[in-house]
Protein chains: 4
Amino acid sequence: MLLKEIREELVELNQALPANRLVVWTGGNVSIRDPKSGLVAIKPSGIMFPDLTPENMVVVDLDGKQLEGDLAPSSDTASHLYIYRHREDINGVVHTHSDYATAFAALGMPIPAVLTAIGDEFGGPIPCGDFALIGSEAIGKAVLDAIGNTTAVLLKNHGVFTIGKSGRAALKSAVMVEDVAKTVWLAKQLGEPCEISQEDLKKLNERYMNVYGQH
Amino acid sequence: MLLKEIREELVELNQALPANRLVVWTGGNVSIRDPKSGLVAIKPSGIMFPDLTPENMVVVDLDGKQLEGDLAPSSDTASHLYIYRHREDINGVVHTHSDYATAFAALGMPIPAVLTAIGDEFGGPIPCGDFALIGSEAIGKAVLDAIGNTTAVLLKNHGVFTIGKSGRAALKSAVMVEDVAKTVWLAKQLGEPCEISQEDLKKLNERYMNVYGQH
Amino acid sequence: MLLKEIREELVELNQALPANRLVVWTGGNVSIRDPKSGLVAIKPSGIMFPDLTPENMVVVDLDGKQLEGDLAPSSDTASHLYIYRHREDINGVVHTHSDYATAFAALGMPIPAVLTAIGDEFGGPIPCGDFALIGSEAIGKAVLDAIGNTTAVLLKNHGVFTIGKSGRAALKSAVMVEDVAKTVWLAKQLGEPCEISQEDLKKLNERYMNVYGQH
Amino acid sequence: MLLKEIREELVELNQALPANRLVVWTGGNVSIRDPKSGLVAIKPSGIMFPDLTPENMVVVDLDGKQLEGDLAPSSDTASHLYIYRHREDINGVVHTHSDYATAFAALGMPIPAVLTAIGDEFGGPIPCGDFALIGSEAIGKAVLDAIGNTTAVLLKNHGVFTIGKSGRAALKSAVMVEDVAKTVWLAKQLGEPCEISQEDLKKLNERYMNVYGQH
């Protein structure tokens, strides 16, 4: 079986979406690219999260040819592949409609950098990309056109895409974007939250990427 | 026992209401129509969700005659039956007071189609029907007068009804209406969310109904 | 041991407070009056909910004399007893600081009757009583001065008290007051929710008390 | 092993942060000072909460010298130590980015004393300290400059620090600050909540500290 060692992790990462309250029903999806073979494993379309198994993950090549799996892959597959083809550094993609982040997306509004946690993980505001219809790679293009060098982007009227050097890094970004979206949303109901300076955002991000954690 | 194979599913669907935080205490109810016999199984009135069993579900015919069950059926039974009698395509009905959707209902305000997820599942705005008192089939009439060809409707000052070709489809609609109601509610606190065009809503809905998932 | 058969139920009802997200840490309390002996069992003060046992419940008489229990009773004991002495029909009292209801209390604002669920359980608006300091029976007096013939009352700057013919009925009222407080709070952020007529509120309440459920 | 009897408690207190929904992913941290030896045990940096064990806690002295532990300590260690060096009465420090409290922090806004629960635990408004960058002891200084004689402080654009005579007392303060922040936030969306008088705040706090609970 192709990507045997990736399939179990992919099930866990997908199931982390409802566990972190980022999706409901069958919404949202995670894919992982295997850096060695260049192949991509992705969630099948419209399957309930508890029914996901290593065996029913779908494996495709970068052009979208389905190599393994009896089920149809996620509707977002072409967009995940667009991202992998254009970003060699990225091996994980997560898509959710998490509520607070998607509320910003409904207005086409970026999430401003008013929290140290935003500086830490994102290095600046979380941008909002254009509206694009599902099915083709148009969503993938909208993601990369807007995401710059951060790891999360909102898509207008739609939801959130996050990317990472691994599936786990993309999941982390998806968890954190919803958490900061909630806090910023709450802050905006109290008045105008204070922006953090560019200089401090840069310091926060550099420290978080290079000093925080275990090295 | 009548509808033996439906009773267990009906317990599961009813218990999914508190699991998805759509109801509290004994509120809300699910019914299923058996397409073969035309009989309807429904939750008994005022029983706590953990106490529901296949055996204590109530079976009625389309005119409301109780055929099996020691307990009184849901107070909404006449309205569920009104829906089944007037919509041959519908075999599942769900009723909740889920918080965000019911907040729109308190103002008699439809949920506008500002998210792709609304286009996907509902094909357009989620309408709000008139106020009607519980007990008779008046609520069922208010549901069908307002629901058009979508699967969810708000009822003024009251809550949510969803319908589907199966009990499971109606539950899905109930889960999704609360999720999108929350996101739209959040978006409206940030400003005026952008509407999606009729054309794009139609494309989203057609794709979701015909391409999304496994066929 | 006094009130042996009530103690276990009292532990369950107290533990239902955090399970229903109505309290945090050691906040909130439930008491039950035994209709036969007139004695009252109440939660001990400042004990974590998982540490409550039938044995550590405190039993007092209506004048506050501690008859059993090694621990000091709830700080609200004098107020629970005030309620029992003045309302022979009441055998259960619940106190919480549940978030949405307490938000109304922070402004001294009643919860308006804009939902059928409010008509069902409460028959009209949920009133807000005066500010009173904890420790004496002043809170119990503020509760009864404001509660009229409904089962829940807000106390200004403080929280919620609910009463019932049993501990379980008082718990139900506490769960429902927070649920409707949340929905009304959400509705008020969208605009001005529509009031339900006195006549319809009366019909809803009479039906819910006499027809709903199993009789 | 140093601080053997403190390590297990420290794991429990850290894991109570996600259990109480005060943090996501690896955010937040708890430390405990051993009153006898003066040594401090603290969470390692960037480790997921379920992976914390008594063995991987880090032990440092008050000057920050790492005495035990294979992992790098929390990025906030220097600030925890600043607090311990300047407050002999404090043996527990908790840091979170809990959502509602951090929303106030995003505007540099204290939480006003409009709830009896705030009087009970905090004795007055919860102050907001200055913005400070992570890594040095600057955050610890900002905490002590603002906290006065209460147990919780917001830090501008950042989050929450709480302190206590024990790790458990600091955790309690962290749970309660988020709970009251949520209720006050909710109240402020309904209008202007009523302030409690200085005199009553003092009475509430004295009672809660000296009478409430078991003595």
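Just so we're on the same page: letters track the sequence lines, and every chain starts at 1. All heavy atoms count here, side chains included; hydrogens, waters and symmetry mates do not. A quick note: this is a predicted structure, and the numbers were derived from the prediction, not measured.
- Every residue meeting the side chain to side chain contact (heavy atoms under 4.5 Å, CB included) condition with Ala187(D), not counting sequence neighbours, appears here in chain and number order: Ala103(C), Ala106(C), Leu107(C), Pro193(D).
- Between chain D and the residues Leu190(A), Leu115(A), Val175(A), Val114(A), the most heavy-atom pairs under 4.5 angstrom are made by Leu190(A).
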Short donor-acceptor contacts under 3.5 Å linking chain A with chain D:
residue, atom, partner, partner atom, Å
Val114(A), O, Asn157(D), ND2, 2.7
Thr116(A), N, Asn157(D), O, 2.8
Thr183(A), OG1, Asp99(D), OD1, 2.9
Leu186(A), O, Trp185(D), NE1, 3.0
Cys194(A), N, Ala106(D), O, 3.0
Cys194(A), O, Asn157(D), ND2, 2.8
Arg207(A), NH1, Ser75(D), OG, 2.9
Tyr212(A), OH, Thr26(D), O, 3.3
Tyr212(A), OH, Thr26(D), OG1, 2.8
Gly213(A), N, Ser45(D), OG, 2.8
Gln214(A), OE1, Ala72(D), N, 2.7
Gln214(A), NE2, Ser45(D), O, 2.8
Gln214(A), NE2, Ala72(D), O, 3.0

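- Contacts classified as salt bridge (charged side-chain N to carboxylate O under 4.0 Å, His left out) and involving residues 103-116 of chain D (residues at least two apart or in different chains) are not found.
- Using a 4.5 Å cut-off between heavy atoms, Leu155(D) does not touch chain A at all.
- When each of Ala117(A), Cys194(A), Gly191(A), Gly119(A) is checked for heavy-atom pairs under 4.5 Å with chain D, Cys194(A) comes out on top.
- With sequence neighbours left out, the side chain to side chain contact (heavy atoms under 4.5 Å, CB included) criterion links Ala132(D) to Ala138(D), Ile139(D), Ala142(D).
- With a threshold of 4.5 angstrom between heavy atoms, Pro44(D) approaches chain A through its backbone and through its side chain.
- In this structure, the portion of Leu133(D) lying under 4.5 Å from any heavy atom of chain A is its side chain and not its backbone.
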